[in-house]
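The chain is numbered in sequence order, starting from 1. This one's a predicted model, so the numbers in the text were calculated from it and none came from an experiment.
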Amino acid sequence: MNLDDLDRRLGVIIDRGLLTQALTHSSFSYENDNQPNGERLEFLGDSVLGFVVTAHLFEQNPERNEAELTRMRLGVVSTEALDGIARDLGLEEFLRLGRGQQIPAGKSKVLADAVEAIIGAAYIDQGIAAATDLIERLVLPLLDTETDLALNDAKSLLHAKAASKRLPEPVYETTFDGPTNDRTFFSTVTVGATSATGTARSRKEAEKLAAASLLAQLG
């Protein structure tokens, strides 16, 4: 496990002990003499993430009401959003998991929790400024644009459409091209024998565009 590589992807150097703890799942801890795992760091990181995102939304969107701000916040602190961030970072290769622990192909709480634990580790190691910088680079770019707001329910609508037609659940395959700070994402969503694609500057938006395109095909 080359943590130097993860440092480069994160854009911050975190104390090795804290970073290793953040990457340690409880299943690994249980099988290895109860080594410290990331659960406490996750608890802290969740609060730091919520605060930084909320403060940013409050300052940058004076025209939006509480309900709109809440929806925007939920969109980027959700398991789905954090799972996407983790997969973009390639976090799976760094996690310490127990022998029986699996990471689902779709939305994964394991990966989302690891992102929060890393934020918590950054906060403990270097304070709120470092944690905020990490959140600004990894999470805030996912905040809804006006186009994204219009597509906000595309993925859930596609899931419901597939269920209503008794088709398989949507399966997303997303790749990217370019350096960490200038990536383009290409997402393909498939339902049964039908597929559609979406291209955007974030995984979340690319998947939503693909979902909206496939919804149009399915009527």
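Considering all non-hydrogen atoms of both residues, R87 and L111 come closest at CZ-CD1, 3.6 Å. Nearest heavy-atom pair across T54 and G50 is OG1-O, 2.6 Å.
Remark: T174 engages S187, E207 in a side chain to side chain donor-acceptor pair (under 3.5 Å) (not counting sequence neighbours). Residues satisfying the ring-ring contact (aromatic ring centres under 6.0 Å, His included) criterion with Y123, sequence neighbours excluded, are absent altogether. Q126 pairs by the side-chain contact (heavy atoms from CB on, under 4.5 Å) definition with V12, A130, not counting sequence neighbours. Under the rule for a side-chain contact (heavy atoms from CB on, under 4.5 Å), the partners of V191 that lie at least two apart in sequence or sit in another chain are L158, A162, L167, P170, L214. Residues satisfying the side chain to side chain donor-acceptor pair (under 3.5 Å) test with T184, not counting sequence neighbours, are none. Take S47 and apply the side chain to side chain donor-acceptor pair (under 3.5 Å) test, not counting sequence neighbours, and it matches no residue. Take S78 and apply the side chain to side chain donor-acceptor pair (under 3.5 Å) test, not counting sequence neighbours, and it matches no residue. For A121, the side-chain contact (heavy atoms from CB on, under 4.5 Å) partners at least two apart in sequence or on another chain are I14, L18, A22, L41.
Hydrophobic clustering, defined by side-chain heavy atoms of Ile, Leu, Val, Met, Phe, Trp and Tyr closer than 4.5 Å, groups F176 together with F185. If you chain together ILVMFWY residues whose side-chain heavy atoms come under 4.5 Å of each other, I13 ends up in a group of its own.
For S213 (side chain) and A210 (main-chain N/O), no donor-acceptor pair under 3.5 Å exists by modelled atom type.
Residues I135 and V48 are in side-chain contact: their nearest non-hydrogen atoms beyond the backbone lie under 4.5 Å apart. At a threshold of 4.5 Å between non-hydrogen side-chain atoms, the residues N2 and E93 do not count as touching.
Every pair passing side chain to side chain donor-acceptor pair (under 3.5 Å) that includes a residue from residues 27-40 is listed here, sequence neighbours excluded: H25-S27, Q35-R96. The side chain to side chain donor-acceptor pair (under 3.5 Å) analysis of residues 191-201, with sequence neighbours excluded, yields the pairs D182-R201, T190-S195.
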